[in-house]
Protein chains: 2
Amino acid sequence: MLKRTPSLTEQAKLHIKQMILDDTFVDGRIPAETDLAIELGVSRTTIRDALSRLEGEGVVMRKQGAGTFINEVGLQIKSRLDEIWSYEAMLADHGYEASVHILDHVIRPAPKDVAEALDIATDTPTLEVKKLFLADGKPVILVYNHIPAHLLSGDYTDGDLQLPVYTFLWEFGRQQINHYLSEIVPVLATGDLAHHLAVQPNTPLISFHEVGYNDDNQPIIKSTSCFRDDLMRLRLIRRQIIK
Amino acid sequence: MLKRTPSLTEQAKLHIKQMILDDTFVDGRIPAETDLAIELGVSRTTIRDALSRLEGEGVVMRKQGAGTFINEVGLQIKSRLDEIWSYEAMLADHGYEASVHILDHVIRPAPKDVAEALDIATDTPTLEVKKLFLADGKPVILVYNHIPAHLLSGDYTDGDLQLPVYTFLWEFGRQQINHYLSEIVPVLATGDLAHHLAVQPNTPLISFHEVGYNDDNQPIIKSTSCFRDDLMRLRLIRRQIIK
DNA sequence: TAGTGGTCTAGACCACAAA
DNA sequence: TTGTGGTCTAGACCACTAG
């Protein structure tokens, strides 16, 4: 019934999610795990893994002894903070036409805070890129990226800077971002920031201060982002973890 | 070796985490899953589930073909946004002496926004509680909770309002909060807010606008919280989800 | 009491990394 | 080549919910 690659679990997840979106389960109830396993021709374990992922995404809820049910509220939410990987995709999920402007880029010695975050010596040459994301032409996210120059091959063009940062890092540095460690910081839109995001000065904004790590747990990028809250409201599902 | 309840997986998780904290694995490398399974007397599946949870908490990193390694950076972080369940516990995790002040509480008809969020008729009697959390005596979180009065038995005292909200809801309403759906909103500290949190007026702050749902996916509480960023910096681990 | 999800096992095979 | 984590199976038993 299903082939390998991507994993059976992932395929089962997508299959079930599609059935949900197609209103296959009219009463909001999802078939029993054993039934799904038979229907998709995989083991119950695989189905359970798939349902666990969907539960984590807020798509379904499970109740022991009762069944598994569609989570209508969770199904609607976009821009989950913990699922953002590229701003391009995030804006597209919202139905916006996303575009990117490179406002500035330069290689210069790393200032102290950047050097500390990236665990490099102060003054190590670092690529600094200032990007503005637009949604349907309206400015919505302003991003500063700092990447140690020695990680990059250097043969990129100005146009390449418009690539999603994880693509850029892979193409020109053979680096993969495994995860980000992010701090959420409130800021005031002053001068430059207010100008680029086209908001009134002293508007309160959310910013991310984050460091991206590669598969070897080495910091490879420092990133600071500011969001226009009215166009891009950040959301999150919080659960109790005790089990 | 291990008993049931809590689950073997959870016990294995805690056991491994404790070994990590005890510096049992001096080189930052965690034994192979099969070895851990033998050592703890459980199946490899159980060990894998335990390690998956630790990976989710940022405690370890896994590399296919290479091994499982301690994530020193992730091990340090506190106040992970997606793991907050009670502010009392969160403050305690930070090493603060936590205390709670009930600033105000009243039962009155639900205003429009509360009624909509809780899916009840406008004017439904609703308990409104205004709480201030202090860390080592310093004000740090201001919370407004709204709970429909008909969910509560009503025989609580003023002192009971100081209980963590999930305890209060269980004791006096037999309701369990399954999850919250939260929005992260930037705000300015004006008047009342600035006063209670003891910050300068117009300081930018992070606020949560959230709704708590019970096991039947019914909204049972609307909650708004504001944080003093200097005392309580919110953090998050973001991963790529493709698998 | 019947049916559901929750936990756990033992074992198989695969993909990948390091020596 | 060896050893690691990644995926998947088939089956067992438990805990819980609902009729």
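Note that the structure is predicted; figures quoted are calculated from it, not measured. Numbers restart at 1 for each chain; the letters A, B, ... are given by sequence-line order, proteins then strands.
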Item to check | Residue list, side-chain hydrogen bond (donor to acceptor under 3.5 Å, both in side chains) with A/D22, at least two apart or on another chain | outcome: A/Q18
Next on the checklist: Check this one for me: any side-chain N or O of B/T46 less than 4.0 Å away from OP1 or OP2 of C/dT7?
Outcome noted: no
Item to check | Side-chain N or O of A/R62 closer than 4.0 Å to phosphate OP1/OP2 of C/dG6 | outcome: yes
Item to check | Whole angstrom value for the distance that separates P of D/dT7 from CD of A/Q11 | outcome: 13 Å
Item to check | By side-chain hydrogen bond (donor to acceptor under 3.5 Å, both in side chains) - contacts of A/Q76 (at least two apart) | outcome: none
Checklist entry - Nearest-Å distance, CG (A/L51) to C1' (C/dG6)? => result 13 Å
Item to check | Side chain to side chain, A/M232 and A/Y96, heavy atoms closer than 4.5 Å | outcome: yes
Checklist entry - D/dA10 phosphate, OP1 or OP2: any side-chain N/O from A/T45 under 4.0 angstrom? => result no
Checklist outcome for this item: Those residues at least two apart in sequence (or on a different chain) that pass side chain to side chain contact (heavy atoms under 4.5 Å, CB included) with A/Q64 are none
Checklist entry - Between atom CG in A/D49 and atom C1' in D/dC8, what is the gap in whole Å? => result 9 Å
Checklist entry - CD1 of A/I38 versus P of D/dT9: gap in Å, rounded? => result 13 Å
Item to check | Spacing of A/L36 atom CG relative to D/dA10 atom P, expressed in whole Å | outcome: 16 Å
Checklist entry - Pairs counted as Watson-Crick or G-U wobble with both distances under 3.5 Å: what dot-bracket string results for DNA chain D, using | for bases tied to another strand? => result ||||||||||||||||||.
Checklist entry - Hey, what do you get for CD1 (B/I107) to OG1 (B/T124), rounding to the nearest 0.5 Å? => result 12.5 Å
Checklist entry - Whole-Å distance between D/dT17 P and B/D216 CG? => result 10 Å
Next on the checklist: So, does A/R48 get its side chain near the phosphate of C/dG5, meaning an N or O under 4.0 Å from OP1 or OP2?
Outcome noted: no
Checklist outcome for this item: Hits for salt bridge (charged side-chain N to carboxylate O under 4.0 Å, His left out) against A/E183, two or more places apart or cross-chain, chain-then-number order -> B/R233, B/R235
Checklist outcome for this item: Sorted by chain and residue number, the salt bridge (charged side-chain N to carboxylate O under 4.0 Å, His left out) partners of B/E116 (sequence neighbours excluded) come out as B/K112
Next on the checklist: Applying salt bridge (charged side-chain N to carboxylate O under 4.0 Å, His left out), can you list everything that pairs with A/K63, at least two apart in sequence or on another chain?
Outcome noted: B/D216
Checklist entry - B/L54 has an atom CG; how far is it from atom C1' of D/dG5, in whole Å? => result 15 Å
Item to check | By salt bridge (charged side-chain N to carboxylate O under 4.0 Å, His left out) - contacts of B/R48 (at least two apart) | outcome: B/E33
Give every pair of a protein N or O atom and an N or O atom of nucleotides 1-4 of chain D that lie under 3.5 Å apart, one pair per line with the distance.
residue : atom : partner : partner atom : Å
D/dG3   : N2   : B/G65   : O            : 2.9
D/dT4   : O2   : B/G65   : N            : 3.3

Next on the checklist: Could you tell me how far apart A/K13 (NZ) and D/dC8 (P) are, to the nearest whole angstrom?
Outcome noted: 13 Å
